[in-house]
Amino acid sequence: MIMKHKIIRLGLAALVTATFATSCQMKEDDLFSVDPAPRQDNWMAEYRRVFNNNEYGWALYTDNPTYGRHPAVYTYAVKFDQQNCTFYKSESTAHLPNVSTLDSVVSQYSFKMDNGIVLSFDTYNDFFHYYADQSQYFSQDLQGDFEFCLDRYSANEDTIFGRGKTKQLPFFMVKMKTTPEEYQKQSDSINAYAAYNCVMHCAGDTLPARFLSGYHNLLVYYPDSAGGDNVEHMYSYGNLTNGIYLLENFKYKGHTVVEMHLNKTTGEFFDPVSGAKIGPKPLADYLLNDDSDDNWFFGYSGLGSWTQSQWDKMRQALSASGKFNPDDFHNITLANEGNGQVVLLLNEWYGNDEIHFHMEMKKVSDDEIAFRYTGMEMSGRDFSFYDAGLKYLVDAVAKQDRWTTYRVSYKSGNPMNPSGLIFTDESNPDNSYYFETNFRYYHDSIWE
């Protein structure tokens with residue numbers, strides 16, 4: 001089901017203005033024309049009619065507090081009858097203890113008057129109340145609501161807006177146009193496209209970004225003032241069936257982003273109103289800008305045919321020199337030093353046999369990167385590893401007298417979630433390097 005941008009925008013604004021108000025369905029002429037008790041009964045009867053006037057049910061969106069992060073917006077597909085509500089299995093409930101195999105859970109609900117109309121989920125629901133259960137191991141001040149003040153419903157009765165009674169966290173429900181099972185499936189599918197490394201394009205700028213999909217938080221990095229350093233800005237988002245909406249609207253240089261649609265072919269999110277887009281992070285930036293990410297490990301099996309021939313020469317030369325046994329190489333790494341510097345690092349963590357070859361690095365394009373060896377070598381030994389035979393390895397990566405440019409590609413996944421980076425020398429395609437996922441953790445020797 002597609003949630004209309006206008007409804008979301010008006011609805012989220014209403015959450016702010018209606019915080020201390022009672023139901024917007026109350027008319028001025030109603031105040032004294034009906035006695036209080038019947039008037040309250042009439043209001044609740046109207047809400048009950050709206051709740052149950054739906055073939056498929058409602059998509060319930062509410063915040064669940066998360067430790068150390070903004071609240072996580074969860075989606076629940078719910079079907080109401082006159083007394084009971086049925087919550088359906090979702091990606092999040094699949095991880096709950098004791099109920100992970102259940103397809104649905106039925107519990108009771110009611111309407112109450114408490115300075116306005118309150119929707120109360122009265123009996124324990126194993127899917128919904130888990131995050132509001134005060135008996136859980138995490139701190140009580142992180143619990144979610146299970147009673148909600150209902151502020152208003154839209155004129156077409158497609159959306160109901162409210163807030164948590166205790167924590168005042170935003171709450172709303174959207175009428176589903178498909179079965180609860182299908183809605184939940186489509187909503188959960190968005191998580192697969194929430195890339196940890198991505199960029200936000202807005203107002204002509206490209207801003208580093210990343211999804212924390214487990215928390216339903218989007219991080220975007222940009223300066224708070226002109227000329228300042230990038231600062232982390234966090235936004236809570238919820239899954240639609242065709243994208244995401246930002247509970248905390250993204251505002252940047254006069255643009256406001258509320259809802260972003262997903263292009264499942266490219267994996268990109270786009271806002272048809274502001275033109276903002278969340279797209280893939282340039283492949284070159286995975287090494288150039290990421291001194292916070294893990295280093296890139298590789299070995300003999302991840303080399304092109306020409307590169308392997310150079311490593312064979314290196315192995316023979318080292319063995320002939322008598323200074324180092326090539327079988328004692330445990331890992332080789334491209335380690336980002338920042339500021340355009342990278343180190344070709346051998347035997348990291350192996351004391352005197354840890355060898356550093358310092359290189360310069362520059363970005364040529366979004367999928368091209370270049371290296372040049374500076375001639376600087378560091379180790380704990382009193383001889384030159386380069387002269388002993390490592391020159392074949394070092395020169396294959398980058399020579400000292402010129403830049404070597406590599407085209408960066410990925411082996412599997414998609415542009416938003418690449419898996420396994422491949423560097424291919426544009427001057428010699430047979431000189432290539434494959435950075436295997438988690439190579440460091442599963443290999444004891446570079447020769448495997």
Side-chain angles (χ1 to χ4, degrees), residues 1-12 14-15 47-64 71-81 84-94 96 102-107 109 119 121 125-132 144-164 169-194 213 216 236-247 258-262 264 269:
M1 185 201 83
I2 298 177
M3 183 183 296
K4 297 181 180 178
H5 171 77
K6 181 177 180 181
I7 292 176
I8 294 298
R9 182 175 56 190
L10 293 175
L12 294 178
L15 292 178
Y47 268 100
R48 188 175 292 277
R49 179 189 63 79
V50 172
F51 265 67
N52 291 281
N53 185 24
N54 189 347
E55 177 183 1
Y56 297 112
W58 297 85
L60 185 160
Y61 291 87
T62 186
D63 281 6
N64 288 296
V73 183
Y74 279 39
T75 308
Y76 300 92
V78 190
K79 185 70 183 291
F80 294 90
D81 60 26
N84 296 319
C85 56
T86 303
F87 284 77
Y88 291 83
K89 182 178 181 178
S90 68
E91 188 174 283
S92 60
T93 65
L96 299 183
L102 298 181
D103 292 328
S104 62
V105 176
V106 179
S107 56
Y109 77 100
L119 168 64
F121 294 97
N125 186 289
D126 288 299
F127 284 174
F128 185 61
H129 283 82
Y130 178 84
Y131 299 100
D145 288 289
F146 58 93
E147 289 189 313
F148 300 91
C149 301
L150 301 181
D151 295 322
R152 61 181 289 267
Y153 54 79
S154 61
N156 63 2
E157 301 183 358
D158 272 1
T159 311
I160 299 172
F161 303 98
R163 54 206 152 77
L169 295 174
F171 158 92
F172 61 90
M173 300 197 305
V174 179
K175 185 178 290 188
M176 295 187 292
K177 300 298 193 296
T178 185
T179 64
E181 295 90 343
E182 182 61 25
Y183 190 99
Q184 192 73 67
K185 177 182 177 181
Q186 291 183 26
S187 174
D188 288 343
S189 71
I190 303 300
N191 291 332
Y193 296 88
S213 58
H216 277 205
S236 296
Y237 71 88
N239 288 355
L240 308 176
T241 57
N242 69 324
I244 62 172
Y245 72 92
L246 299 176
L247 191 64
V258 177
E259 182 177 336
M260 305 192 81
H261 298 172
L262 170 66
K264 289 191 175 182
F269 294 86

In chain order, what residues pass the side chain to side chain donor-acceptor pair (under 3.5 Å) check against [X], with sequence neighbours excluded?
X: Thr86; result: none
X: Asn191; result: Glu91, His216, Asn239
X: Ser213; result: none
X: Asp126; result: none

Does the ring center of [X] lie less than 6.0 Å from the ring center of [Y]?
X: Phe121; Y: Phe87; result: yes
X: Tyr76; Y: Phe128; result: yes
X: Tyr47; Y: Tyr153; result: yes

Taking all non-hydrogen atoms of both residues, which atom of [X] and which atom of [Y] are closest, and how far apart?
X: Asn125; Y: Ser107; result: ND2-OG, 3.0 Å
X: Trp58; Y: Asp158; result: CZ3-O, 3.4 Å
X: Ser187; Y: Thr75; result: OG-OG1, 3.5 Å
X: Asn54; Y: Lys79; result: O-CE, 3.7 Å
X: Ser154; Y: Asn156; result: OG-OD1, 2.7 Å
X: Met176; Y: Ala59; result: CG-N, 3.5 Å

Between Asp188 and Lys89, does any side-chain N to carboxylate O distance fall below 4.0 Å?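 Salt bridge: no.
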Residues which pass ring pair (Phe, Tyr, Trp, His ring centres under 6.0 Å) with Tyr109, listed by chain and number, not counting sequence neighbours: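 Partners of Tyr109 by the ring pair (Phe, Tyr, Trp, His ring centres under 6.0 Å) criterion, ordered by chain and then number, come out as Phe80, Phe111.
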Could you tell me the separation between the [atom1] atom of [X] and the [atom2] atom of [Y], rounded to the nearest 0.5 Å?
X: Phe172; Y: Leu60; atom1: CZ; atom2: CG; value: 9.5 Å
X: Tyr183; Y: Leu240; atom1: OH; atom2: CG; value: 6.0 Å
X: Met260; Y: Ile244; atom1: CE; atom2: CD1; value: 6.0 Å
X: Thr241; Y: Gln184; atom1: OG1; atom2: CD; value: 11.5 Å

Would you find a donor on one side and an acceptor on the other, under 3.5 Å apart, between the side chain of Ser236 and the backbone of Val73?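 Here the side-chain-to-backbone pair does not exist.
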Test your reading of the model: is there a side-chain donor-acceptor pair from Ser189 to the backbone of Gln186, 3.5 Å cut-off?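 A pair under 3.5 Å: yes.
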Please name all residues satisfying side-chain contact (heavy atoms from CB on, under 4.5 Å) with Asn53, sequence neighbours left out, ordered by chain then number.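 Arg49, Glu157.
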Out of the candidates Phe269, Tyr237, Tyr61, only one should pair with Tyr245 under the ring pair (Phe, Tyr, Trp, His ring centres under 6.0 Å) rule; please name it.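 That would be Tyr61.
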Any chance you could lay out the side chain to side chain contact (heavy atoms under 4.5 Å, CB included) test for Phe171 and Leu150, step after step, and finish with the verdict? CA-CA 9 Å; Phe171 158 92; Leu150 301 181; 3.7 Å; yes
